[in-house]
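For reference, the structure is listed below as structure tokens.
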Amino acid sequence: MQTHADPCSQPSLMHPDQAIVKLLEQVKPITDSEVVTLPQALGRVLAEDLASHIDLPPFDNSAMDGYAFNFADLSAGTPLKLIGQSFAGHPFKGECLKGACIRIMTGAPVPNGYDTVQMQEKVSADGEQITIEAPKELGANVRRRAEELTSGTKVLTTGTLIGAAEMGVLATIGVSQLRVKRIVKVAFFSTGDELRPVGSELGPGQIYDSNRYSIQGLLSRANIEWIDLGVIEDDKEAIRQAFKTASECADMVLTSGGVSVGDADYTKQILDEEGQITFWKLAIKPGKPFAFGHLGDAIFCGLPGNPVSSMVTFYKLVWPLLNKIQGLAQVKPVTLKATLKGEIRKFPGRVEYQRAILSYNAEGEAEVEVTGGQGSGMLTSMTLANCFIILAQDCDGLSDGSQVTVEPFNSVLC
């Protein structure tokens with residue numbers, strides 16, 4: 001491959017990995033919290049450590065349908081006498097006699113005096129005479145009290161995102177209410193007289209305002225309360241008021257467009273006047289212009305205006321910030337190696353996130369190919385893709401059959 005410089009790259013461009021470290025240093029998690037009921041807790045972030053007040057399981061119980069007995073009674077080699085039964089919610093209340101057994105169902109209590117359960121498929125029954133067949137093992141198929149956890153054990157810690165499994169665990173230990181972080185609020189809007197609402201007719205030089213809908217979708221995936229302030233006309237005072245309104249009602253203000261060097265609009269001017277904003281040039285493609293800072297008590301993130309650039313910079317930069325604001329741990333994206341199908345042209349200078357389709361061939365080997373055109377305005381590339389091919393900053397192109405690093409989309413972008 002011939003080596004050429006990226007015409008949009010400059011030595012001063014910041015690597016995206018360096019950028020996210022600097023961004024995270026300037027963001028603090030929220031401390032406000034509220035108490036919610038268990039059904040309301042899905043998707044919320046835990047604001048307290050939670051310990052179990054019961055043993056789990058709370059009693060010895062059967063792992064399957066079968067017969068419970070004392071393992072030592074099998075040494076006689078004679079059938080056991082059936083003397084009762086134990087069902088879930090209806091335990092056996094009689095005396096556990098020597099040389100006897102009870103019918104037992106999955107989850108039902110194993111009574112004191114019996115220590116083993118044999119599955120019903122390996123038992124011969126002749127009236128009340130029960131013969132236990134091989135294999136025979138002391139304690140088989142019995143889930144012991146507290147084998148999962150004992151009372152007082154910490155189950156979930158502060159900063160845990162409550163998902164389906166966590167909901168089930170909390171219900172299992174009897175938690176009906178819990179304290180969670182309050183929901184983070186993000187206000188966003190678009191600026192530009194060229195933007196028209198979807199469903200209207202386009203005039204000369206006009207385009208539909210798509211970025212607000214992509215941002216809305218991304219924020220919804222992030223369990224964020226979003227506040228859509230619409231399209232703001234290219235009027236200095238209208239834009240100033242929009243920033244004021246957004247910063248007063250949200251934890252983060254998010255915009256797309258108007259942050260490039262040389263933009264002939266009011267956005268950058270008002271940001272400089274109303275906040276403490278830094279305009280960054282990042283070594284990332286698609287993307288490059290990015291603004292970050294504070295508007296009053298709110299964090300401000302200004303994304304590039306091109307649709308794909310806006311989504312990629314949200315995913316790589318804004319998403320980690322939102323995780324930290326919510327008090328969630330930073331999770332490094334999962335990557336894997338795949339064989340490239342076709343060639344990729346690239347200039348050195350920026351880390352590229354090319355939209356691609358990951359699949360597996362008949363031998364089970366990972367293969368990947370780009371979706372086609374990779375222009376930052378081609379939003380359809382995001383709908384076709386299920387992953388990014390990550391190309392290093394110094395990469396100058398790849399040939400067919402090369403091994404590449406692939407980052408599958410997570411639920412935020414799906």
Side-chain angles (χ1 to χ4, degrees), residues 6-10 13-14 16 19 23 186-198 200 202-219 226-236 238-240 242-243 246 252-272 274-275 277-293 295 299-319 321 350-355 373-383 413:
D6 184 341
C8 293
S9 70
Q10 301 173 21
L13 295 184
M14 186 184 302
L23 291 171
V186 177
F188 60 95
F189 59 88
S190 300
T191 62
D193 289 342
E194 78 281 8
L195 300 177
R196 297 292 297 160
V198 295
S200 62
L202 292 178
Q206 294 181 333
I207 59 174
Y208 290 121
D209 176 27
S210 63
N211 282 3
R212 272 179 41 247
Y213 292 92
S214 296
I215 289 172
Q216 176 186 319
L218 290 165
L219 292 172
W226 48 266
I227 304 164
D228 184 359
L229 298 181
V231 178
I232 308 302
E233 60 183 316
D234 279 330
D235 175 84
K236 185 174 182 179
I239 295 173
R240 187 190 305 279
F243 277 123
M252 176 184 284
V253 179
L254 194 61
T255 63
S256 62
V259 295
S260 297
V261 174
D263 279 343
D265 57 33
Y266 299 117
T267 303
K268 289 178 62 180
Q269 178 184 345
I270 294 170
L271 287 172
D272 285 332
E274 300 295 331
I277 310 296
T278 301
F279 297 92
W280 299 22
K281 298 177 184 177
L282 305 180
I284 185 173
K285 185 177 181 180
K288 188 175 72 167
F290 183 80
F292 174 81
L295 287 168
I299 294 168
F300 173 78
C301 288
L303 307 178
N306 283 317
V308 183
S309 301
S310 178
M311 290 196 72
V312 170
T313 49
F314 181 103
Y315 181 59
K316 302 305 297 184
L317 301 174
V318 178
W319 178 249
L321 294 181
R350 289 191 281 175
V351 179
E352 286 195 19
Y353 293 87
Q354 297 217 357
R355 283 73 69 202
Q374 296 291 304
S376 58
M378 296 181 176
L379 192 54
T380 52
S381 67
M382 291 295 294
T383 68
L413 288 174

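With hydrogens and angles disregarded, no donor-acceptor distance shorter than 3.5 Å links the side chain of Gln216 to the backbone of Tyr213. Side-chain atoms of Asn211 never come within 3.5 Å of backbone atoms of Ser190 as a donor-acceptor pair (strictly under, hydrogens ignored). The main-chain N or O of Val308 is never found under 3.5 Å from a side-chain atom of Asn306 such that the two would form a donor-acceptor pair. Proximity of a side-chain donor or acceptor of Tyr208 to a complementary backbone N or O of Ser200 within less than 3.5 Å is detected.
By the 4.5 Å heavy-atom criterion applied to side chains, Trp226 and Leu218 are not counted as neighbours. Side-chain contact between Leu254 and Ile215 is present, with at least one heavy-atom pair separated by less than 4.5 Å. Inter-residue side-chain proximity for Val253 and Ile299 is flagged as unmet; no heavy-atom pair is nearer than 4.5 Å. Leu379 has its side chain within reach of Ser214: a pair of non-hydrogen atoms, C-beta onward, lies under 4.5 Å apart. The shortest distance between side-chain heavy atoms of Leu321 and Phe292 falls below 4.5 Å. With contacts defined as side-chain heavy-atom distances shorter than 4.5 Å, the pair Ile227/Phe188 does not qualify. At least one side-chain heavy atom of Leu317 sits under 4.5 Å from a side-chain heavy atom of Leu282. Met382 has its side chain within reach of Met311: a pair of non-hydrogen atoms, C-beta onward, lies under 4.5 Å apart.
Among all heavy-atom pairs drawn from Cys301 and Met252, the shortest one is SG-CE, 4.2 Å. Across all non-hydrogen atoms, the minimal contact from Ser256 to Ser310 is CB-OG, 3.9 Å. Across every non-hydrogen atom of Ile239 and Glu233, the tightest pair is CG1-O, 3.6 Å. Summarising the geometry of Arg355 relative to Ser381, their closest heavy-atom pair is NE-OG, 3.0 Å, with the distance given to 0.1 Å. Residues Gly377 and Pro307 approach most closely at CA-CD, 3.9 Å, considering heavy atoms. Between Ser309 and Gly287 the shortest heavy-atom distance is OG-N, 3.2 Å.
Between Asp209 and Arg196 there is no salt bridge, since none of the side-chain N atoms of the basic residue sits less than 4.0 Å from a carboxylate O of the acidic one.
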Show your reasoning for whether side chain to side chain contact (heavy atoms under 4.5 Å, CB included) applies to Leu219 and Phe314. CA-CA 10 Å; Leu219 292 172; Phe314 181 103; 3.8 Å; yes
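Taking CD1 of Ile277 as the start and CD1 of Ile270 as the end, the distance is 12.0 Å to the nearest 0.5 Å. Here the straight-line distance linking atom CD of Glu194 with atom CG of Asp234 works out to 6.5 Å at 0.5 Å rounding. In this structure, Thr191 OG1 and Leu229 CG are separated by 12.5 Å, a value rounded to the nearest 0.5 Å. With values rounded to the nearest 0.5 angstrom, Arg350 atom CZ is found 9.0 Å from Ile284 atom CD1. Note: Thr313 OG1 to Lys316 NZ = 11.5 Å, rounded to the nearest 0.5 Å.
With sequence neighbours excluded, the residues satisfying ring-ring contact (aromatic ring centres under 6.0 Å, His included) with Phe243 are Phe189, Phe300.
A cation-pi arrangement is absent between Lys285 and Tyr353, since the terminal nitrogen or guanidinium carbon is not both under 6.0 Å from the aromatic centre and inside a 45° cone about the axis.
In this structure, Trp280 and Phe290 have perpendicular ring planes: the angle between them is above 60°, well past the 30° mark.
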